[in-house]
Every structure is written in structure tokens, then in C-alpha cells.
Amino acid sequence: EQTGSMPPYGMLLFDLTTEHGFKGIVGVDATGHVIWYADQGHEVHGFDQFDESQGYKIGMMLDSSDRTGLVVVEPDGTETKSYVKRCKGTEVEKDWYQLSNEARVAPNTRGLMTIYQSVGKVSHDDPETKYFGHKLEHYVADHVAYFDLASGNLTLMYDLSDYLNPVDNMLNESMSMQWLDQTCAGSGGNTVSVLDWSGASSISTYTSSSTGSTVPPLYIVCLRNINTIMALKQDLTGLQWIMSPDAQMNSNFTFSALNDEFFDPIDAQMIEDDTLIVFDGGLNRQGCKDPVGENCFSRALEYRLTYQGTP
């Protein structure tokens with residue numbers, strides 16, 4: 001039943017998994033009628049649509065029980081690109097990897113940004129660190145990666161643990177973090193226990209349209225498990241800023257009020273040089289617990305970013 005005025009969009013796309021076996025993307029018009037769909041046979045954990053220069057293709061990040069990857073689908077449903085793989089190595093610590101959560105059109109519109117995960121290893125020189133009673137030896141290392149449509153190659157651009165990691169920036173969040181046993185097809189059933197610590201959930205891109213802007217082109221990355229948003233320079237010269245309510249994350253920003261803080265950010269996008277919009281998942285908010293407590297709520301937030309030297 002429609003209430004209120006007609007929605008302004010022509011088509012709304014969303015990922016969908018049903019009990020009847022559908023796993024893919026559905027498009028509905030403003031009246032709610034299905035006008036397009038693509039059943040991929042795997043859960044879709046992220047997607048984006050290219051512009052006219054790429055024929056309005058749709059890129060998707062897929063996840064099944066034993067493999068992850070990216071596919072690109074034409075408007076007529078034809079799959080034209082596929083990078084769906086599983087770990088086949090014999091040494092889990094060295095060989096394990098997967099893609100996760102994201103398939104965002106890259107700034108050059110000729111590829112997709114995604115999250116690549118591997119096993120991070122704690123150095124023997126680091127002090128002993130424990131999470132939830134277990135000694136930390138391995139963790140999921142999140143990377144910003146680029147998939148090129150023309151070549152089919154995947155390139156790692158940033159290792160996020162170079163900037164934040166579970167030893168130097170210790171933060172326990174029992175509502176979002178967990179220990180996982182990972183394996184590879186060729187390992188003979190051997191597993192490695194890894195801490196899913198940072199939990200990268202999204203990558204968006206920003207290029208300023210303001211004349212004389214001092215803000216460089218950026219990748220905006222959400223690390224939901226550690227309540228952090230990170231901005232990285234697209235020219236690969238490193239970190240621009242970190243935003244987090246937790247002191248361990250070395251935030252470059254402070255919040256005007258406690259109620260302004262986000263927890264478990266799922267997605268973030270810069271829309272102007274000084275404006276950031278965030279989907280605050282709220283899972284790690286104080287008072288949120290399992291079973292669900294009264295402070296477990298999500299919300300949309302808009303922040304004005306005030307940089308040093310600006311009013």
C-alpha cells in the first residue's frame with residue numbers, strides 16, 4: 001500500500017535473498033512493481049551501477065559458502081565479467097583470502113572498488129595481546145582493492161592495518177567482533193583462527209567539485225567493528241584523516257556532543273568538502289547488548305567536518 005506522495009526515483013535497486021532460492025538484485029519502479037531482476041545464485045553483499053559510458057552495467061560482490069568475488073551484468077542480464085574464486089592453497093596462514101562487502105564503481109568508471117581480506121599475523125616482537133580470552137596471533141587484514149574491467153586483474157591499493165591494527169590500537173567490541181576459523185581447499189582441513197577485528201564494510205569515493213578545494217580525491221572506508229571511518233588519498237600517498245569516537249583510533253575529529261557519536265558505521269559518503277553522511281548501525285553503542293537492548297538502534301547522520309584553520 002502506498003502512502004504519501006509518489007517516490008521521486010524512476011527505479012530502486014536492492015539486493016534480495018528469499019526462502020524460495022532467489023539470490024540477486026531486484027529493481028522496482030515508483031509504484032513498487034518489479035521491472036528488472038538478476039538472479040545470481042549467490043548472496044549479493046554489495047553492488048553499484050556504472051554510468052552511460054559503460055552501458056549502465058551493474059557490478060556485484062557475491063558470497064557463497066566457499067567462494068567470493070565480483071561479477072558484472074549487462075542490463076539484459078548477460079554476465080560479461082567474473083572474478084569469483086576460492087582459496088585453494090595449502091598454507092592457510094599464507095594463502096587464505098576472500099572478497100567482502102563491496103562493489104563500488106571506481107573513480108575512473110572502468111572498474112570496481114572492493115574489500116580484499118587476507119590473514120594478518122602478529123609479530124613475535126609485539127607484546128602479547130588477548131581478545132575475549134584468546135591470545136591474538138592472527139587477524140583478518142582488510143585491504144582496499146581495485147578490479148579492472150578490461151584486464152580482469154585485481155590490484156591491492158591499501159593495507160588498512162598499516163594505519164590501524166589490533167595490537168597498536170587495541171579495542172574490544174564483543175557485539176561486532178568474533179573469532180573465525182578459516183581454511184583453504186588444499187589445506188587438508190587445517191584451519192587458522194583469526195580475529196575479525198576491523199570489519200571493513202564499505203568504500204565510497206569523493207572528488208571535490210569546488211574551485212580551489214584543498215581536499216584531495218579520497219576513498220572513504222568504513223571499519224564498522226571498530227567504530228571508525230577512514231579517508232585515504234586516491235593517489236596512494238596515504239591517510240588523509242580518521243574519524244572515530246574511540247581514543248584508541250587516533251581520530252582527527254572530535255564530536256560536538258556525545259549523542260553525535262556513531263557506532264558500527266556501515267556506510268559513509270562525502271557529498272561536499274565539509275559534509276559526510278553516515279549510516280550508523282549502532283551495534284556497539286553503549287547499552288546495546290545481546291539479547292537486544294534498548295540502545296540498539298540504527299540511524300542516518302550528516303556531519304559538518306570542521307578542519308583546522310576553518311571556522
Hydrophobic cluster identity match, Phe14 and Ile266, side-chain contacts under 4.5 Å | no
Spell out, yes or no, whether Ile115 and Val194 are grouped together once hydrophobic residues are joined by side-chain heavy atoms under 4.5 Å, including indirect joins.
-> no
What pairs of donor and acceptor atoms, side-chain ones from residues 169-178 against any protein atom, are under 3.5 angstrom apart with sequence neighbours left out?
| from | atom 1 | to | atom 2 | distance (Å) |
| --- | --- | --- | --- | --- |
| Asn169 | OD1 | Asn165 | N | 3.0 |
| Asn169 | ND2 | Gln248 | O | 2.9 |
| Glu173 | OE2 | Asn227 | ND2 | 2.9 |
| Ser176 | OG | Asn225 | O | 3.2 |
| Ser176 | OG | Asn284 | OD1 | 3.3 |
| Ser176 | OG | Asn284 | ND2 | 3.2 |

Shortest non-hydrogen contact between Phe50 and Gly59, atoms and distance | CE1-N, 4.2 Å
With side-chain hydrogen bond (donor to acceptor under 3.5 Å, both in side chains) as the test, would you mind laying out the steps for Asp142 and Ser198 before giving the verdict?
-> CA-CA 7 Å; Asp142 289 315; Ser198 53; 2.5 Å; yes
Closest contact, heavy atoms only, Pro216 versus Gln240 | CD-NE2, 3.5 Å
Backbone of Ile203 reached by a side-chain donor or acceptor of Glu102 within 3.5 Å = yes
Treating Ile, Leu, Val, Met, Phe, Trp and Tyr as nodes and any side-chain heavy-atom pair under 4.5 angstrom as an edge, say whether Met61 and Tyr146 lie in one connected cluster.
-> no
What is the distance from atom CG of Leu283 to atom OG of Ser298, rounded to the nearest 0.5 Å?
-> 10.5 Å
What residue among His143, Gln98, Glu93, Lys94 forms side-chain hydrogen bond (donor to acceptor under 3.5 Å, both in side chains) with Ser118?
-> His143
Value rounded to 0.5 Å, distance of CG in Asn252 from CE in Met243 = 10.5 Å
Transitively linked via ILVMFWY side-chain contacts under 4.5 Å: Ile58 with Leu16?
-> no
Name all residues meeting the ring-ring contact (aromatic ring centres under 6.0 Å, His included) criterion together with Tyr97; count only those two or more places apart in sequence or in a different chain, and write none if there are none.
-> Tyr116
Under 3.5 Å: donor-acceptor pair, side chain of Ser251, backbone of Ser244 | yes
Is the distance between the ring centroids of Phe255 and Phe262 under 6.0 Å?
-> yes
Please collect all ring-ring contact (aromatic ring centres under 6.0 Å, His included) contacts where either partner lies in residues 151-172, sequence neighbours excluded, each pair once.
-> none
Report yes or no: do Leu99 and Val221 belong to one cluster of Ile/Leu/Val/Met/Phe/Trp/Tyr joined by side chain heavy-atom distances under 4.5 Å?
-> no
So, the side chain of Asp95 versus the backbone of Val92: is there a donor-acceptor pair under 3.5 Å, distance only?
-> no
State, to 0.1 Å, how close Val44 and Gly24 come at their nearest heavy-atom pair, and which atoms those are.
-> CG2-CA, 3.7 Å
Just wondering, more than 12 heavy atoms not from Arg67 lying within 6.0 Å of its CZ?
-> yes
Salt-bridge present (Glu43, Lys23; N to O < 4.0 Å) = no
Have Asp29 and Tyr9 got a donor and an acceptor in their side chains that come within less than 3.5 Å?
-> no
At their closest point, which heavy atom of Met60 faces which heavy atom of Ala103, and how far apart are they?
-> C-CB, 3.7 Å
With a distance cut-off below 6.0 Å to the six-membered ring centre and an angular limit of 45° from the axis, does Lys85 pair with Tyr83 as a cation-pi contact?
-> yes
Dump the intermediate steps for side-chain hydrogen bond (donor to acceptor under 3.5 Å, both in side chains) on His33 and Thr31, then the final yes or no.
-> CA-CA 6 Å; His33 291 94; Thr31 66; 2.6 Å; yes
Nearest heavy-atom contact between Phe253 and Ile242 is CD1-O, 3.7 Å
Are the charged groups of Asp280 and Arg285 less than 4.0 angstrom apart, N to O?
-> yes
Within the distance-only criterion (no hydrogens, no angle test), does the side chain of Ser82 pair as donor or acceptor with the backbone N or O of Val71 below 3.5 angstrom?
-> no
Do you see a donor-acceptor pair shorter than 3.5 Å between the side chains of Ser208 and Ser213?
-> yes
For Asp267 and Arg104, what are the C-alpha separation, side-chain angles and deciding distance, and is it a salt bridge (Lys or Arg N to Asp or Glu O under 4.0 Å)?
-> CA-CA 12 Å; Asp267 196 5; Arg104 191 91 57 159; 3.1 Å; yes
Steps toward side-chain hydrogen bond (donor to acceptor under 3.5 Å, both in side chains) verdict (Ser123, Asp126) = CA-CA 5 Å; Ser123 170; Asp126 287 330; 4.5 Å; no
dist Thr90:OG1 -> Asn190:CG (nearest 0.5 Å) comes out at 9.5 Å
Over 12 non-hydrogen atoms of neighbours within 6.0 angstrom of CG in Leu258 = no
Could you tell me which non-hydrogen atom of Glu74 sits nearest to which non-hydrogen atom of Trp36, and how far apart they are?
-> O-CZ2, 4.3 Å
Strictly under 6.0 Å, is that where the ring centroids of Phe132 and Trp179 end up?
-> no
